[in-house]
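Residues: numbered from 1 along the sequence shown. Just so you know, ligand 1 is whichever comes first in the structure, and atom 1 is the first atom listed for that ligand. Here the structure is a predicted model, which means the values were calculated and not measured.
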Amino acid sequence: MITRIIKDVNTAVKEITDGNVISLPTETVYGLAGDALNPDAVLKIFEVKNRPSFNPLIVHINSIDDISVYGEEIPEELYKIAEKFSPGPITYVVKKKQIIPDIVTAGLDSVALRIPAHPLFSEVIRISGKPVAAPSANMFGRISPTNALDVLKELNGKIKFILDGGECNVGIESTVISFTEALRSGTINILRPGFITKEEIEDVSGIKINPEINSGQVIVYNNYRETDSGIIKPVEDREINLLSPGMLKNHYAPLTPLFLTDDIDYFLTNYIPAAGVINLETFGSLHNIAVNLFRVLREYDEKKFEYIVVSKVKNFGIGTAINDRLTKASAGFVRIQNNELIFIGK
Ligand code: TXA
Ligand code: MG
């Protein structure tokens, strides 16, 4: 199959209504999109990405009113947050309505809903009249693409079209917040930190967010195995917290091992040929680091260093999401002791 980068929205709409998958731009990262109400289209998304079937997809819609078309038991606070941040980089997990096929939600009784802010994606939803299921347009476990060319490198030959919407202006995936406990216990949980921060959500909703969940709870991919039917299943269901599989420990990873360090200055001042040293500070603001993070990780991955070294950023605001992605992308930690490099695996 030949993969083409296109600019024509109507071709994209036809792909969706025909039950095919296509890569569409969003303001966060590029998505791999299909009609959310068509189980065959959704199955193709899982197949193209090689995504394990236990990892549910986000359903993209065009208006706040549609939240109650596909979800139920929606608390007032959700609407307060949505009025402020949607369309935008935030995803709401609520109890799902029957109309959403089980394959979309990996059998969970909740659904993740997002109103994206990219005009081309909104057009596709509007003209097709469909809710659109879309995970990030990378192969499972790899770095999310933030421009059409990076999608091509990731999925070349696997899909027919990539709709080119330019460089994503957020650069990291949406914040995922869950309201499934809200009516019972009055708590909201952040399942994946993102561009919209915990502090902003607390301010608008007046609710204190459960600090324990976040991305600290981790599922190790090694805990899964292939079953006879080819589906990857947890070895020990009991041990694994499937609140949000985006919490997988190894995720967003480049092929070159990435090591976190507190000694970035050492690497910047001592030339080590094997090491690709990323100095995130050159991007200035946390916002600008987020915008460039995945692109720069891909760029260094292509340079074929033996390993990549990077430092975490300040852990507040968007920094929390940046550090979350860095931690998941990393193979471990490197520090300097007596002028020697000490590598510590994850
Ligand atoms: O910015 C984004 O969110 C991008 C763009 C394309 O919209 N999408 C994205 O999708 O990042 P994906 O599939 O790569 O990540 C979706 C995350 C996963 O961590 C998934 O486990 C979680 O959302 N998720 C989806 N449905 C869920 C549900 N019902 N309950 C809990 N977590 C859910
Ligand atoms: Mg993803």
One residue to check: [X]. Relative to ligand 1, which of side chain, backbone, both or neither has a non-hydrogen atom less than 4.0 Å away?
X: Thr105; answer: neither
X: Glu27; answer: neither
X: Asn55; answer: side chain

Using a 4.0 Å cut-off to any heavy atom of [X], which atoms of ligand 1 qualify?
X: Arg114; result: 1 (O), 2 (C), 3 (O), 5 (C), 7 (O)
X: Glu173; result: 1 (O), 2 (C), 11 (O)
X: His60; result: 5 (C), 7 (O)
X: Thr28; result: 1 (O), 2 (C), 4 (C), 5 (C)
X: Ser174; result: 1 (O), 2 (C), 3 (O)
X: Ser136; result: 8 (N), 9 (C), 10 (O), 12 (P), 14 (O)
X: Ser110; result: 28 (C), 29 (N), 30 (N)
X: Arg51; result: 12 (P), 13 (O), 14 (O)

Checklist entry - Within the side chain of Asp263, is there an N or O that forms a donor-acceptor pair under 3.5 Å with the backbone of Ile336? => result yes
Item to check | Min heavy-atom dist Lys96 to ligand 1 below 4.0 Å | outcome: no
Checklist entry - So, is Asn138 placed with an N/O/S atom under 2.8 Å from the Mg ion (ligand 2), counting both backbone and side chain? => result no
Item to check | NZ/NE/NH1/NH2 to OD/OE distance under 4.0 Å, Lys7 and Asp164 | outcome: yes
Item to check | Under-4.0 Å salt bridge between Glu200 and Lys84 | outcome: no
Item to check | Geometric class of the Tyr307/Phe343 ring pair [parallel <30°, tilted 30-60°, perpendicular >60°] | outcome: perpendicular
Checklist entry - Shortest non-hydrogen contact from Gly165 to Tyr30? => result N-OH, 2.9 Å
Checklist entry - Out of Val29, Val104, Ile177, whose heavy atom sits nearest atom 4 (C) of ligand 1? => result Val29
Checklist entry - Can you find an N or O of Arg192 that's nearer than 3.5 Å to an N or O of ligand 1? => result yes
Checklist entry - Who are the ring-ring contact (aromatic ring centres under 6.0 Å, His included) partners of Phe195, not counting sequence neighbours? => result His287
Item to check | side chain to side chain contact (heavy atoms under 4.5 Å, CB included) assessment of Arg51 paired with Ile45 | outcome: CA-CA 8 Å; Arg51 180 178 175 112; Ile45 296 176; 5.8 Å; no
Checklist entry - Would a hydrophobic clustering, with Ile, Leu, Val, Met, Phe, Trp and Tyr connected at side-chain separations under 4.5 Å, put Val204 with Leu113? => result yes
Next on the checklist: Same cluster or not: Val296 versus Ile172, using hydrophobic residues (I, L, V, M, F, W, Y) connected whenever any side-chain heavy atoms lie under 4.5 Å apart?
Outcome noted: yes
Checklist entry - With Glu199, which residues qualify under side-chain contact (heavy atoms from CB on, under 4.5 Å), at least two apart? => result Thr197
